[in-house]
Amino acid sequence: MDKRERLIGGLYGLLAGDALGVPYEFHSAGEIPPPEEIEMVPPEGFPRAHPGVPAGTWSDDGAQALCLLDSLDACGELCLEDFARRLSAWYEEGVWAVDGAVFDVGIQTGNALRAYRRGMPPELCGAIHPEGKGNGALMRVLPLALWHSGTDRELVQDAHQQCLVTHGHVCNQVCCALYCLTARGLLAELEPGAAVAAAVEKLRGIYRDMPEYAQELEWSIRPDTPWEGKGSGYVVDTLRGAFMLLERAGSYEEAVRGAVALGDDTDTTACVAGGLAGVRFGAGGIPRRWMETLRGRACVEELIARVWS
């Protein structure tokens with residue numbers, strides 16, 4: 001497949017994964033149906049989360065990712081002020097939300113965007129919860145890797161920066177940087193294990209003169225241990241789970257169903273894993289039935305045509 005197929009696969013992979021996970025959110029792993037029964041429409045009798053939301057609707061994860069890609073295309077660079085303004089427009093007005101309806105917002109994200117509306121500089125908003133290590137910046141960062149043409153160091157710096165609007169802790173920044181470098185490896189047609197390993201080594205080199213970041217990489221993310229993760233909202237769990245699924249799955253479908261099966265924060269885990277799986281297997285690897293169910297595609301196609309014409 002060509003690079004454009006992988007780029008579009010990454011974007012639709014995160015959106016479809018997010019939408020797949022929405023109705024299963026807040027359920028433990030033991031409450032989730034067997035993987036073969038995980039579909040956009042849950043099995044009959046399953047007590048779905050967000051029951052008023054139609055099947056195939058992405059949540060805050062997908063909307064924020066689209067805000068990021070839209071901002072990058074409009075500015076030609078990562079501009080925190082423009083990005084924060086678009087996130088605020090999503091939060092307040094439903095921009096890039098399907099039907100303009102915002103139905104799921106993380107506590108830390110909501111507090112940060114309200115601080116931005118009150119006049120706080122965007123680079124400080126993510127520090128109002130200084131120890132916050134939720135996955136709200138990781139879930140939206142993939143478009144940066146899909147769009148970026150700079151050096152690895154520049155990509156890492158931008159991955160750090162985009163976190164600052166809502167999730168400023170160094171742990172979040174490192175997770176986003178490692179995720180973006182892994183996506184870049186997949187775009188270069190590396191196999192999953194090789195892409196993750198190469199990303200770790202590149203990040204170690206970049207962090208050689210950044211001891212706080214290097215410590216977070218080694219102590220929190222633990223890249224030398226087998227990639228195993230949970231479905232919690234902790235950013236490290238989400239990253240490690242995505243890498244675990246990427247390395248184990250033989251298809252996009254297997255990866256995102258496996259993400260949902262972890263339970264709890266199912267939409268974000270499936271979004272983060274689905275983005276990488278979409279790059280790995282391409283847009284054509286996403287099941288047609290899920291693409292046909294995915295709502296809001298007309299607007300996404302317009303954005304894709306602008307960014308990757």
Side-chain angles (χ1 to χ4, degrees), residues 1 3 6-7 9-10 13-14 65 68 72 78 133 135 137-164 167-230 234-250 252 255 258-259 269 271-282:
M1 70 185 78
K3 186 176 181 180
R6 294 185 187 276
L7 292 170
L14 75 86
L68 177 56
L72 291 167
L78 178 66
K133 300 178 185 179
N135 52 22
L138 178 64
M139 70 188 191
R140 67 179 183 232
V141 75
L142 181 62
L144 180 66
L146 303 179
W147 172 89
H148 213 283
S149 59
T151 66
D152 290 337
R153 183 177 289 273
E154 290 168 340
L155 175 59
V156 166
Q157 290 171 340
D158 282 349
H160 291 171
Q161 286 291 305
Q162 73 86 30
C163 292
L164 300 182
H167 293 72
H169 193 280
V170 171
C171 183
N172 305 316
Q173 297 182 46
V174 175
C175 285
C176 286
L178 183 56
Y179 183 83
C180 283
L181 288 175
T182 298
R184 176 167 278 189
L186 294 172
L187 285 169
E189 302 186 18
L190 293 180
E191 291 297 312
V196 175
V200 169
E201 290 312 305
K202 286 179 180 180
L203 204 53
R204 281 172 168 157
I206 292 168
Y207 286 164
R208 198 167 288 126
D209 58 350
M210 302 170 67
E212 182 182 8
Y213 287 78
Q215 177 175 298
E216 202 69 49
L217 174 64
E218 303 300 339
W219 292 11
S220 294
I221 300 176
R222 309 181 310 281
D224 291 328
T225 62
W227 295 108
E228 296 178 351
K230 303 174 183 178
Y234 174 39
V235 64
V236 174
D237 276 347
T238 306
L239 180 73
R240 289 182 58 82
F243 286 171
M244 172 186 73
L245 293 160
L246 180 69
E247 290 187 346
R248 294 179 182 179
Y252 173 86
T269 308
C271 172
V272 173
L276 293 181
V279 176
R280 169 72 176 85
F281 297 105

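Note: hydrogens, waters and symmetry copies are ignored here, and every other heavy atom, side chains too, is used.
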Validation row: Cys180, Val156 side chains within 4.5 angstrom (heavy atoms): no
Does any part of the side chain of Asn135, heavy atoms only, come nearer than 4.5 Å to the side chain of Thr269, both counted from C-beta? no
Which atom pair, heavy atoms only, marks the closest approach of Leu142 to Ala183? CD1-CB, 3.6 Å
Under the ring pair (Phe, Tyr, Trp, His ring centres under 6.0 Å) test, which residues partner His148, sequence neighbours left out? none
With sequence neighbours excluded, residues passing ring pair (Phe, Tyr, Trp, His ring centres under 6.0 Å) with Trp147: none
Counting C-beta onward and ignoring hydrogens, is there a side-chain heavy-atom pair between Thr225 and Arg240 closer than 4.5 Å? yes
Suppose we screen for ring pair (Phe, Tyr, Trp, His ring centres under 6.0 Å). Which residues come up paired with Tyr207, at least two apart in sequence or across chains? His160, Tyr213
Nearest heavy-atom pair of Gly185 and Ala195: which atoms, and what distance? C-CB, 4.1 Å
Could you check if a side-chain atom of Leu190 sits within less than 4.5 angstrom of a side-chain atom of Thr182, using non-hydrogen atoms only? no
By ring pair (Phe, Tyr, Trp, His ring centres under 6.0 Å) - contacts of Phe243 (at least two apart): Trp227
ring-ring contact (aromatic ring centres under 6.0 Å, His included) partners of residues 179-199, not counting sequence neighbours, each pair once: none
Which residue pairs satisfy the salt bridge (Lys or Arg N to Asp or Glu O under 4.0 Å) criterion with at least one member in residues 190-207, sequence neighbours excluded? Asp152-Lys202, Glu191-Arg280, Glu201-Arg204, Arg204-Glu218, Arg204-Asp224
Min side-chain heavy-atom separation Val279-Leu146 under 4.5 Å: yes
